[in-house]
Each structure stands twice: as C-alpha cells, then as structure tokens.
Amino acid sequence: MIALALAVVLGHDGFVPIFNGKDLNGWIPKIKGFKAGENFANTFRVKDGMIQVRYDGYGGKFGDRFGHLFYKDEISHYILRLDYRFVGDQLSDGQGWAWRNSGVMLHGQRPETMGVDQGFPVSAEAQFLGGPAEGKRSTANLCTPGTNVMMNGKLWTQHCTDSSSDTFRGDQWVSVEIEVHGGGLVVHRVNGKEVIRYDSIQFDPNDADAKALMPKDGLLISRGTISLQSESHPIDFRNIRLKILKK
C-alpha cells in the first residue's frame with residue numbers, strides 16, 4: 001500500500017511535478033532592472049494550471065526587461081519535461097529575434113547572484129521558437145549566455161545552434177524533454193524525438209558575468225538552476241516535471 005501511494009505521487013515513470021499548478025511556490029523571479037524575488041508587473045503568473053508569461057502591466061513597452069523564473073533548487077543529473085505554447089502578440093518594442101522566442105535555462109547561476117541589470121543568467125539554454133507562416137524555424141535549439149559547450153568532440157563557442165526539429169507554427173502545444181548528466185552529456189528532445197546533443201557545459205572565460213562566477217579549479221559546470229524565460233512574447237508552460245538521475 002505504501003509503495004502504491006508513493007508511485008501515485010511520483011508517477012509510474014519516476015517524474016515529479018515541480019510546479020503545483022496553483023501558485024509560484026518554489027519559484028523565484030528575476031527580471032532585468034529588479035532584484036531577485038520581485039515579480040515586476042506580475043510578469044509570471046498562474047492560471048488554469050499553467051505558468052503564464054504576460055505583459056499587460058508593462059505599459060505597452062518591453063524595455064528590454066528580460067526575465068527568468070527560477071526553480072528553487074540546484075540540480076545536476078536529471079530529465080526535465082514540460083509543454084509550452086506561444087500565444088498572442090509580442091510587445092511592439094521587443095527585439096525582432098525575440099518574436100515567439102523563449103526557453104529554459106540549464107545549469108544556471110542562482111538568481112540572487114545576478115546583477116540588477118543583468119539580462120540573462122550564465123547558463124546553457126534550450127531555446128524555444130515558434131515558426132512563421134512559411135519557412136523553417138527549429139525549436140529546442142542551443143544558446144549559451146556566458147558559456148561554451150563541447151560538440152562533436154570540439155569546443156563549441158557559437159552562441160546559438162539550431163536543432164534538427166520540425167517547425168511548430170501557431171499556438172499549438174509542444175512537448176520538450178531535456179536530459180542532463182552533470183558536467184557530461186545533454187540531449188534535447190521534441191515530442192519524443194532527439195534534436196540536438198552536446199556535452200561539458202562550461203564557463204566562457206571571455207564573458208564578464210561568467211568571470212565573476214568561475215571557480216579557480218576549472219571551467220566545467222556540473223550543476224545549477226533551471227529557469228523559464230520572459231523575452232517579450234507571451235508564452236504558457238504546463239506539465240513541468242523532473243526526474244532525478246543517478247550519477
């Protein structure tokens with residue numbers, strides 16, 4: 001009976017919900033221009049069992065107030081699953097590249113270590129993109145604010161790298177899985193299909209924010225935070241689940 005009850009809580013596949021569907025308990029906002037914990041204009045909110053990113057309190061202008069919503073714990077070896085969908089219209093002054101653009105940051109710094117005017121945590125990003133009416137635009141790409149990775153056995157310093165995913169247009173839900181093995185392999189999957197892999201997330205010694213965090217004994221990042229992005233286009237997140245893996 002105890003084992004059955006535990007299976008119900010954890011799920012038969014070992015995944016645990018890290019968003020309760022009711023409020024932002026266990027999550028910490030950090031928005032450029034504000035201290036960690038200040039949820040400017042109720043940017044991150046909960047409705048209908050989803051975490052929503054909205055800008056109705058911004059006065060019609062984004063003002064480069066990039067934001068991130070951090071899960072409270074640092075983690076190392078895990079699989080993260082979530083669904084996302086883009087909705088509505090981007091704020092008029094949002095960057096062109098930020099149209100239908102969001103993501104989840106991996107192995108990030110803690111929110112309280114970010115500068116007030118720092119736009120992005122030092123991290124690796126699984127970048128979520130929505131597609132235009134025509135043409136290809138992949139999702140679950142890799143971006144690297146303040147970091148580098150290894151890819152195909154080589155140091156990879158390119159800031160953003162496209163995945164092999166399909167293009168997802170409109171307001172449809174997309175399911176993403178990210179498998180992270182500490183300082184080793186990272187795999188992004190979209191709707192169950194692998195779309196990119198890399199390894200060895202590490203500090204970029206040429207990045208000012210990264211320099212402030214670098215330890216004396218190397219560049220490799222083996223653990224850190226995960227966070228959801230706010231980049232000027234409304235987005236919803238749901239079914240946010242985590243499975244801790246053995247090292």
Side-chain angles (χ1 to χ4, degrees), residues 19 23-24 27-48 50-71 82-106 108-135 137-141 143-146 159-160 167-174 176 207-210 212 225-238 240:
F19 163 55
D23 55 41
L24 295 178
W27 295 81
I28 305 165
K30 173 62 181 79
I31 297 170
K32 183 180 178 181
F34 302 88
K35 295 180 180 179
E38 295 185 37
N39 190 11
F40 170 73
N42 198 28
T43 300
F44 300 101
R45 61 190 70 173
V46 177
K47 184 178 180 180
D48 298 331
M50 302 176 291
I51 292 179
Q52 297 184 331
V53 179
R54 296 292 187 270
Y55 306 105
D56 48 284
Y58 278 57
K61 297 292 184 180
F62 184 61
D64 286 343
R65 287 173 286 209
F66 297 100
H68 297 80
L69 184 66
F70 290 77
Y71 180 56
L82 57 81
D83 305 327
Y84 75 87
R85 68 176 180 185
F86 290 102
V87 296
D89 297 319
Q90 182 188 24
L91 288 180
S92 61
D93 67 328
Q95 301 286 346
W97 52 261
W99 179 81
R100 289 186 175 254
N101 187 337
S102 185
V104 59
M105 319 306 278
L106 317 169
Q109 66 186 112
R110 292 199 60 83
E112 64 271 14
T113 68
M114 292 179 64
V116 171
D117 292 322
Q118 185 176 338
F120 301 87
V122 173
S123 56
E125 175 191 355
Q127 180 193 51
F128 303 157
L129 297 177
E134 297 180 356
R137 197 181 191 217
S138 59
T139 192
N141 304 320
C143 292
T144 51
H159 177 57
C160 285
T167 300
F168 297 92
R169 313 181 200 280
D171 296 356
Q172 63 182 298
W173 286 103
V174 181
V176 176
D207 181 87
D209 293 325
T225 59
I226 57 174
S227 58
L228 309 175
Q229 277 197 316
S230 162
E231 290 197 307
S232 75
H233 200 119
I235 187 171
D236 296 331
F237 299 97
R238 71 179 185 185
I240 306 172

(message) Is there a side-chain contact between Val53 and Glu231 in this structure, where contact means two heavy atoms from C-beta onward sitting under 4.5 Å apart?
(response) no
Donor-acceptor pairs under 3.5 angstrom involving side-chain atoms of residues 31-40: please list them, not counting sequence neighbours.
{"unit_1": "Asn39", "atom_1": "OD1", "unit_2": "Thr43", "atom_2": "N", "d": "3.3"}
{"unit_1": "Asn39", "atom_1": "OD1", "unit_2": "Phe44", "atom_2": "N", "d": "3.1"}
{"unit_1": "Asn39", "atom_1": "ND2", "unit_2": "Phe44", "atom_2": "O", "d": "2.7"}

(message) Among residues at least two apart in sequence or on other chains, which ones pass salt bridge (charged side-chain N to carboxylate O under 4.0 Å, His left out) with Asp171?
(response) Arg100
(message) Taking ring pair (Phe, Tyr, Trp, His ring centres under 6.0 Å) as the definition, give me every residue that meets it alongside Tyr55, ordered by chain and number, with sequence neighbours left out.
(response) Tyr58, Phe62
(message) For a 4.5 angstrom cut-off between non-hydrogen side-chain atoms, does Arg137 reach Pro132?
(response) yes
(message) Checking Gln229 against Ser102: is there a side-chain donor and acceptor pair closer than 3.5 Å?
(response) no
(request) Only counting residues at least two apart or in another chain, list the ones meeting side-chain hydrogen bond (donor to acceptor under 3.5 Å, both in side chains) with Arg238. (result) Asp83
(message) If I compare all heavy atoms of Phe120 with all of Pro145, which pair ends up nearest, and what's the gap?
(response) CB-CB, 4.2 Å
(request) Report the distance from atom CZ of Phe70 to atom CG of Leu24, rounding to the nearest 0.5 Å. (result) 14.0 Å
(message) Please enumerate all residues that pass side-chain hydrogen bond (donor to acceptor under 3.5 Å, both in side chains) together with Gln52, with sequence neighbours excluded.
(response) none
(request) Using ring pair (Phe, Tyr, Trp, His ring centres under 6.0 Å) as the criterion, list what pairs up with Phe19, not counting sequence neighbours. (result) none
(message) Determine whether a donor-acceptor pair (N or O, by modelled atom type, separation under 3.5 Å) exists between the side chain of Asp207 and the backbone of Asp209.
(response) yes
(request) Nearest 0.5 Å please: distance from the CG atom of Leu82 over to the CD1 atom of Ile51. (result) 9.5 Å
(request) Provide the closest heavy-atom pair for Gly60 versus Ser92 in the form atom of the first, atom of the second, distance. (result) O-OG, 3.6 Å
(request) Quick one: list whatever passes salt bridge (charged side-chain N to carboxylate O under 4.0 Å, His left out) with Asp236, sequence neighbours left out. (result) Arg54, Arg85
(request) Drop me the distance from Phe86's CZ to Trp173's CH2, to the nearest 0.5 angstrom. (result) 11.5 Å
(message) Please enumerate all residues that pass salt bridge (charged side-chain N to carboxylate O under 4.0 Å, His left out) together with Arg45, with sequence neighbours excluded.
(response) Asp56
(request) Mind checking ring pair (Phe, Tyr, Trp, His ring centres under 6.0 Å) for Phe168 and listing every partner two or more places apart, or none if nothing turns up? (result) none
(message) A side-chain contact here means heavy atoms from C-beta on lying under 4.5 Å apart; do Val176 and Phe128 qualify?
(response) yes
(message) For a 4.5 angstrom cut-off between non-hydrogen side-chain atoms, does Leu69 reach Pro29?
(response) yes
(request) Kindly compute the distance separating OG1 (Thr167) from CG (Leu129), expressed to the nearest 0.5 Å. (result) 9.5 Å
(message) Can you give me the closest heavy-atom contact between Ala98 and Ser232, atom names plus distance?
(response) CB-OG, 3.6 Å
(request) State which residues pass salt bridge (charged side-chain N to carboxylate O under 4.0 Å, His left out) with Asp23; sequence neighbours excluded, sorted by chain then number. (result) none
(message) Is any side-chain heavy atom of Ile240 closer than 4.5 Å to one of Trp27?
(response) yes
(message) Distance check, rounded to the nearest 0.5 Å: Met50 atom CE versus Ile235 atom CD1?
(response) 11.5 Å
(message) Is it the case that atom CD in Glu134 sees more than 12 heavy atoms from other parts of the structure closer than 6.0 Å?
(response) no
(message) Please check this pair: side chain of Thr144 against backbone of His159, looking for a donor-acceptor N/O pair closer than 3.5 Å.
(response) yes
(request) Using modelled atom types only, decide if a donor and an acceptor are shared between the side chain of His233 and the backbone of Gly88 within a distance under 3.5 Å. (result) yes
(request) First locate atom CG of Asn101, then atom SG of Cys160, and finally report the distance between them rounded to the nearest 0.5 Å. (result) 8.0 Å
(request) Scan for side chain to side chain donor-acceptor pair (under 3.5 Å) pairs involving residues 116-132, sequence neighbours excluded, and state none if there are none. (result) Gln109-Gln118, Gln127-Asn141
(message) Under the rule for side-chain hydrogen bond (donor to acceptor under 3.5 Å, both in side chains), what residues qualify as partners of Thr139, not counting sequence neighbours?
(response) Tyr84
(message) Give me the atom names and distance for the closest heavy-atom approach of Gly146 to Ala210.
(response) O-CB, 3.3 Å
(message) Test your reading of the model: is there a side-chain donor-acceptor pair from Thr225 to the backbone of Gly108, 3.5 Å cut-off?
(response) yes
(message) Looking at every heavy atom in both Met114 and Gly119, which two are closest together, and how far apart are they?
(response) CE-C, 4.4 Å
